[in-house]
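Keep in mind that what you see is a predicted model, and the values were worked out from it rather than measured.
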Amino acid sequence: MRSVSIAGIGIASFGVRTENAVRLGAEACRVAMADAGVGPERVEVFFLGNFASQAFTGQNHLAPAVAHAAGLGPIPCTRVEGACASGGLAVRQGALAVASGAADIVLVAGVEKMTSAGSGRTAEILAAAGDFECEASLGATFPALFAMIARRHMHEYGTTHEDLAEVAVKNHAHGHLNPDAHYQKEITREQALSAREVATPLRLLDCAPISDGAAAVVLCASEIAADLPSAPVRLLASAQASDSPALADKGDITRFRATVSAAEEAFQSAGVQPEEIDLAEVHDCFTIAEILALEDIGFYRKGEGVRGARDGETALGGAMPVNTSGGLKAKGHPVGATGVGQICELVRQLRGEAGPRQVLGAELGLAHNLGGSGATCAVHILAAGA
Amino acid sequence: MMARAAAAVVVFSCTGCGRVHFEDGGGSGGCGHCGAALVGKKVSGRGNIYAFSVVHIAPEQMDAPYTLALVDLEGAGRVLCRLDGFGVEIPTVGGPVVFEGNSPRGPLFRAGEISENARG
Ligand SMILES: [Zn+2]
């Protein structure tokens, strides 16, 4: 398999956007191609991560529409869906296309336009990422599923709501430094602990917001990257794993088997250890999800993930900053864009272009993108340099 | 807590994927998830709460608040269900519940009596 590099990144700012999904996707694509110094005529294949554009906006068949709006030629355009991991899966499909030799330059984008649906309808659409028959039909909203996970984590490991609040406070502090973030305001522990209850024990500030936005990356064969203008970043590993969408099918709901498997495979294929990673973007759709991810990836032992935010280890300036972009929590969570946006943040950091939120000396980064309540997981490991 | 005694109930376990159903497969006769054969089994109807959440923001066409729980049903396995009858009391992880019946929103459990063993 050939070595794959990331030659360009582009973000259509996350938040409440008036543009439709096609325009948002095309905006991110154009920024990424300009960043890579690659014109649309050089893109050979296009993958688009998107979860539910049909349900949110009525528009389906999004990949060729975005490609056309971005000025791409009559190339293969494929939409990839894996709930909240749609973006990460699209990146993986693009990486496989380059690694296999099927294409030299691939454009990958992710997009979601969510804020035009009402909150009840949005809860219903997101719940469809779970198991319809035995979860959504009972009213098991997405927050409710993670709330049960949080409750069990509290029961088994003594995790407290204060521990969850620390994750929200940290990620909002990071989002404060990201001009592309949906929420750029810092929050206090007290605000997190007194926010409106969504599904006990989770409160509003434990949940990632509903956002619009898009992100894109240009992937290429590493030998081509040397001739392109941006500082090169290598994709060392791209791994993916799955599990049942239904919580009742999992033995221990405080551990996502899909994350454990994908992370193990990623570390093995990259030839690096968890302790060598300098920074990570992990899937904090809820505060408890960041804690689970830190444990399942292998950064912390099970039950000890709370130490990350509580002791400042995962904050900017800590031993291994996590979610320097603000994470889903503050940067926003336009579902299909999230996994691609994580890659954009790592590339920015590994190039040394992250400004006030730069992790000094960052050389190795990990992205963890999760779909549903642990049914799909994509893990990528990136390295600075050619 | 409004304690009640459990009534025995027949559940249908899937021989393929292991899921527990409270109704037989209807016309198709198989598991609604994977299609494999179901085996009926009489169980006590007692279970314990593995995890729960009181949901305050509901999807369209549902009224909040309501309580969801993953319940470990004696002799059957883990099921997602609705909890009812806790009044002002909050369910607890490990707390006893009993099967009440099927509802349009899935299986319904109520607060159960604490078993002799647990009481001792
Ligand atoms: Zn089955």
Side-chain angles (χ1 to χ4, degrees), chain A residues 55 117-128 130-159 195-204 206-207 210 244-254 286 288 373, chain B residues 13-14 16-23 25-26 28 30-35 47-73 76-84 86 90-95 102-109:
Chain A
S119 66
R121 175 71 183 135
T122 299
E124 194 180 353
I125 295 168
L126 292 174
D131 184 293
F132 185 79
E133 180 214 351
C134 73
E135 288 183 344
S137 63
L138 275 75
T141 61
F142 215 44
L145 296 172
F146 277 88
M148 287 190 282
I149 290 166
R151 175 65 67 197
R152 190 67 200 181
H153 202 276
M154 289 173 163
H155 177 77
E156 292 199 19
Y157 305 109
T159 303
R196 178 183 172 195
E197 284 184 315
V198 173
T200 63
L202 301 182
R203 293 174 181 269
L204 193 61
D206 288 302
C207 309
I210 304 296
S244 165
L247 279 192
D249 289 338
K250 305 184 207 290
D252 174 4
I253 66 171
T254 66
F286 300 95
I288 185 65
S373 43
Chain B
S13 294
C14 177
C17 68
R19 282 193 180 175
V20 181
H21 304 271
F22 288 86
E23 283 158 353
S28 70
C31 169
H33 178 56
C34 77
N48 293 88
I49 298 173
Y50 173 77
F52 69 93
S53 175
V54 182
V55 181
H56 291 280
I57 297 183
E60 270 181 345
Q61 278 124 33
M62 291 191 198
D63 294 318
Y66 52 85
T67 304
L68 288 170
L70 285 164
V71 163
D72 287 328
L73 184 61
R78 189 169 299 159
V79 291
L80 182 69
C81 64
R82 288 281 191 106
L83 285 188
D84 204 358
F86 278 84
I90 296 169
T92 51
V93 172
N102 285 309
S103 82
R105 294 296 180 204
L108 187 67
F109 281 72

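Taken from OH in B:Y66 to OG1 in A:T141, the straight-line distance is 5.5 Å, to the nearest 0.5 Å. Summarising the geometry, atom CZ belonging to B:R78 is positioned 9.5 Å from atom CG belonging to A:L247; distances are rounded to the nearest 0.5 Å.
For residues 142-158 of chain A, the side-chain hydrogen bond (donor to acceptor under 3.5 Å, both in side chains) pairs, not counting sequence neighbours, are A:R152-A:E156, A:H153-A:T159, A:H153-A:E295.
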*In sequence, state the C-alpha distance, the side-chain angles, and the governing distance for B:I57 and A:R196, and then conclude on side chain to side chain contact (heavy atoms under 4.5 Å, CB included).*
CA-CA 10 Å; B:I57 297 183; A:R196 178 183 172 195; 3.6 Å; yes
*Would you sort out whether A:M148 and B:L70 count as a side chain to side chain contact (heavy atoms under 4.5 Å, CB included), showing the intermediate values?*
CA-CA 8 Å; A:M148 287 190 282; B:L70 285 164; 4.1 Å; yes
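Residues A:L138 and B:L80 come closest through the heavy atom pair CD2-O, 3.4 Å. Nearest heavy atoms, B:A58 versus A:A123: O-CB, 4.5 Å. In terms of heavy-atom proximity, B:V55 sits nearest to A:A144 at CG2-CB, 3.7 Å.
Environment of CG in A:D252: crowded, with over 12 heavy atoms of neighbouring residues, nucleotides or ligands closer than 6.0 Å.
Note on A:G139, A:S244, A:A248: by heavy-atom pairs under 4.5 Å with chain B, the leading option is A:G139. Between chain B and the options A:I253, A:T200, A:L202, A:T122, the largest number of non-hydrogen pairs under 4.5 Å is found for A:T200. Counting heavy-atom pairs closer than 4.5 Å to chain A, the top-ranked of the candidates B:S53, B:P59, B:P104 is B:S53.
In this structure the side chain of B:L68 never reaches within 4.5 angstrom of the side chain of A:E135, judged on heavy atoms.
With a 4.5 Å cut-off on non-hydrogen atoms, B:A64 does not touch chain A at all. Neither the backbone nor the side chain of A:A150 comes within contact range of chain B; no heavy atom of the residue lies under 4.5 Å from a heavy atom of that chain.
Identified by a heavy-atom distance below 4.5 Å to chain A, the contributing residues of residues 16-23 of chain B are B:R19, B:H21, in residue-number order.
The salt bridge (charged side-chain N to carboxylate O under 4.0 Å, His left out) check on B:E60 picks up nothing, with sequence neighbours excluded. Remark: A:R121 pairs with A:E124 by the salt bridge (charged side-chain N to carboxylate O under 4.0 Å, His left out) rule, at least two apart or across chains.
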